[in-house]
Amino acid sequence: MNTEKTTDTSEHLNFLEEIVEADLASGKYKSILTRFPPEPNGYLHIGHASSICLNFDLGLKFGGATNLRFDDTNPVTEDTEYVDSIIADVRWLGFDPAQILYTSDYFPQLYEWAKVLIGKGKAYVDFSSAEEIAAMKGTPTEPGKESPYRNTPPEENLALFEKMKSGEFPDGHCVLRAKIDMASPNMIMRDPLLYRIKHAHHHRTGDTWSIYPMYDWAHGQSDSIEHITHSICTLEFAPHRELYDWCIEQLGIFPSRQYEFARRNLSYAVTSKRKLKLLVEEGHVSGWDDPRMPTISGYRRRGYTPESIREFCRRIGIGKRENVADMSVLEFCIREDLNKRALRRFAVLRPLKVVITNYPEGQEEWLPTENNPEDPDAGVRNLPFSRELYIEQDDFMENPPPKYFRLSPGGMVRLKSAFIIQCDEVIKDDSGNIAELHCRYIPESRSGQDTSGLKVKGVIHWLSAAHSKTAEVRLYDRLFQLEDPTEEKDVVKALNPHSLETIPEARIEPALADIEPGRHFQFTRLGYFCVDPDSKSEKPVFNRTVTLKDTWAKEMKHG
RNA sequence: UGGGCCAUGGUGUAAUGGUAACACAGCAGAUUUUGGUUCUGUUAUUCAGGGUUCGAGUCCUUGUGGCCCAACCA
C-alpha cells in the first residue's frame with residue numbers, strides 16, 4: 001500500500017451540492033429533505049427532468065429524501081390527468097418520492113395562518129379592482145400607493161375574510177393582501193395578494209373552497225410544513241425569496257430556505273408548458289407524448305431511456321447563468337446507452353430488389369450474425385439468404401462519387417454476415433428508374449469462411465425478399481427548425497415541416513416481427529429504433545429514436 | 001438614483017489567490033464485415049478598463065452586456 005490520496009477529485013460538486021455539504025458539515029441539519037413541486041397543469045418536459053434529477057440526486061447523494069408535491073393552488077388550470085402523468089414520469093425516470101403530497105392538503109392550515117396574519121394586522125381584505133390594484137402597485141422606479149382598504153381593523157378583516165371563504169362574494173369581488181411595504185424596491189413586497197376568490201371545482205378538494213391561496217402564500221409554508229431543508233427553484237423566483245422568508249418569519253414556523261438555479265434550455269426545443277400545450281391543442285403534434293415533443297413522455301415514446309436522460313442532466317450540470325444545452329449532448333447520451341444494450345437487427349427502409357443470378361432458385365440458407373458486437377453475451381441469430389434480396393436504395397449508385405464504397409455497376413460489396421456480390425446489370429423501368437439489380441455472388445466469400453481473397457471496402461445490410469416482413473417506420477427529426485424557437489413569437493412558425501416522415505412499407509427481418517412496444521433495437525447502419533405503442537402484430541410500427549453518427553452523409557452534405 | 005441574478009472555447013460545466021480543465025460539437029488519422037463502436041492527435045476560452053498582490057478567471061473598483069420583477073399564474 002502506498003499513501004496515495006483516495007479523495008475523488010474527478011467528482012466536483014455543483015453550487016447547490018456545496019451548500020448542502022456545508023449545511024451538513026456545520027451541523028445546521030442532520031439530514032436534508034428536498035422537493036419537486038410541479039403544478040399539475042401540463043406534462044413534464046426535459047427542463048423538469050433536470051430539476052427532478054437535481055432534487056432527487058441531492059437527496060440520494062447526501063442521505064436525505066425528496067418529496068413530490070403538487071402545487072395545486074389554481075383549480076381552473078389543473079387536472080388529475082396531469083397528476084397521473086407527472087407521477088408516472090418521475091417514476092419512469094427512476095426516482096422514488098419519499099411522499100407524494102398536495103398543496104391542497106394544506107388549504108385548512110393555510111387558511112388558519114392567514115387569520116393569524118390578519119390578527120397581527122399584517123393582512124387586509126382589499127375591494128379594489130384588479131386594475132386599481134395594478135395601478136397602485138407603482139412601477140420599478142416609482143413607489144406604489146397604499147390601498148384605501150389598507151387600514152381596516154383586524155376584527156373587520158377577519159369577518160370579511162370569513163365571508164370570502166364562505167362564498168358570499170362573487171369571483172374577483174375582493175382579495176386578501178399582505179400589509180408589507182408599498183414603497184419596497186422589490187415589487188413582490190408591495191402588499192402581495194395572498195388569496196383570491198374562485199368559485200371553481202378543484203381536482204382534489206372539489207367545491208369545498210371558494211378562495212384559493214396564491215403561490216407566495218402557499219409555497220413556503222408547504223415547504224415548512226414538510227420540513228423541507230433546501231427548497232430549490234428557478235431563477236425567476238429569486239425576488240420572491242424575500243416574501244418567502246417574510247411569511248415564515250411572521251408565522252414563526254420551520255425555516256425552509258429557498259435557493260435558485262437557472263432553468264436548463266435545450267437547442268431546437270421549447271421548455272414552456274404553455275407553448276407545448278398549444279402544439280397539442282392545435283394538433284401540430286399527436287399529443288403530449290408525440291415522439292417529437294421535448295416532454296418526458298415524448299422522449300419515452302421516441303425511445304430514449306431513463307438512463308440516457310439522467311446522464312444528459314448530469315452532463316449539462318447546473319448553474320445560475322442562462323444556458324442552452326446542445327441537442328448533440330442528448331443524442332450522444334442515448335447513442336452511448338443504446339450502443340451497449342440494443343440488439344442489432346436488419347431493416348431496409350427504401351428497398352431495392354437484387355437478384356443473385358447465380359444463386360439457385362428456391363434455395364435458401366441461414367447465416368449466423370451477431371446480435372450485438374458490443375456484447376458477446378447477446379449471442380447470435382440466423383438470417384435467411386436466398387436468390388432475391390432487398391438492399392437499401394442509398395447503398396447503390398449508378399454514378400458514384402469518389403470514395404463511395406457501396407455498390408455500383410461492376411462494383412463489389414460485402415453483404416454483412418453473408419457473401420460478396422458484384423453488380424452485373426442495372427434493370428430500369430419504362431420511366432428510367434432503377435427497378436432492380438442483377439448481381440452475382442461469390443460462393444467462396446461466405447462470412448467467416450472467406451477463401452476468395454477478395455478485399456472489399458463496403459459492407460451493407462440486406463434482407464431476403466421472401467422472408468422479410470412489412471413494418472411502418474416513423475422517421476423523426478427535430479420538431480423545430482430554429483435552434484432557438486423562441487426567436488419566433490409564434491412557436492408554430494418555428495416548427496420543422498419535415499419533422500416526421502412515415503415509411504408505410506419498410507422491410508424488416510423475421511426476428512423483428514411481433515415485438516412488444518417499448519423494445520429498443522439498432523437497425524444496422526441506420527440508427528436506433530423502438531416499437532411504438534401503435535404497433536400491432538400484423539403491422540409493427542417502429543419509431544426512429546436517433547440515427548447512427550454518419551460521417552459519410554456529413555461528407556456528402558458539405559460536398 | 002428601483003431591486004434581484006448573471007458574464008470562462010461553438011455549447012455546457014470545472015478550476016474555492018498558485019500550470020485555465022473536462023465533456024459534447026468540429027477537424028485530422030488509426031482500427032473496423034455497421035462510413036457505427038473503439039483508439040490517437042488536434043483547433044478553440046476567462047466581457048472591458050483600472051486597482052490590490054510575488055502571483056487574479058477568482059479579491060476590490062468603474063463600466064459594458066444579458067436575464068428576471070409592475071398576473072386575482074406558478
Under-3.5 Å donor-acceptor pair between A:R406 side chain and B:G35 base
yes
Could you check whether A:R315 pairs with A:E336 (Lys NZ or Arg NE/NH1/NH2 to Asp/Glu carboxylate O, under 4.0 Å)?
yes
Closest to the A:T141 side chain, choosing from B:G2, B:U32, B:A25:
B:G2
When A:Y212, A:W217, A:Y102 are each screened for ring pair (Phe, Tyr, Trp, His ring centres under 6.0 Å) with A:F107, the one that passes is A:Y212
Using the salt bridge (Lys or Arg N to Asp or Glu O under 4.0 Å) rule, take A:D337 and A:R341 through it: C-alpha gap first, then chi angles, then the decisive distance, then the call.
CA-CA 7 Å; A:D337 189 25; A:R341 303 159 56 173; 2.9 Å; yes
Closest approach to the side chain of A:K320, judged atom by atom: which nucleotide of B:C6, B:A74, B:U33 is it?
B:C6
Residue matched to B:A21 through Watson-Crick or wobble contacts both under 3.5 angstrom:
B:U13
Whom does B:G35 pair with, Watson-Crick or G-U wobble, provided both distances fall under 3.5 Å?
none
Do A:E374 and B:G36 have a side chain to base donor-acceptor pair shorter than 3.5 Å?
yes
Tell me which nucleotide, if any, is Watson-Crick or G-U wobble paired with B:A7 when both distances must be under 3.5 Å.
B:U64
Please list each protein N or O that sits under 3.5 Å from an N or O in nucleotides 63-66 of chain B, with the distance.
residue	atom	partner	partner atom	Å
B:G66	O2'	A:E322	OE2	2.8

Look at the side chain of A:H240 against the base of B:A74 and say whether a donor-acceptor pair falls under 3.5 Å; ignore hydrogens and angles.
yes
Would the base of B:U33 count as contacting A:S417 through its side chain, where contact means a donor and an acceptor less than 3.5 Å apart?
no
Among B:C24, B:U33, B:A74, the one nearest A:F332 by side-chain distance:
B:C24
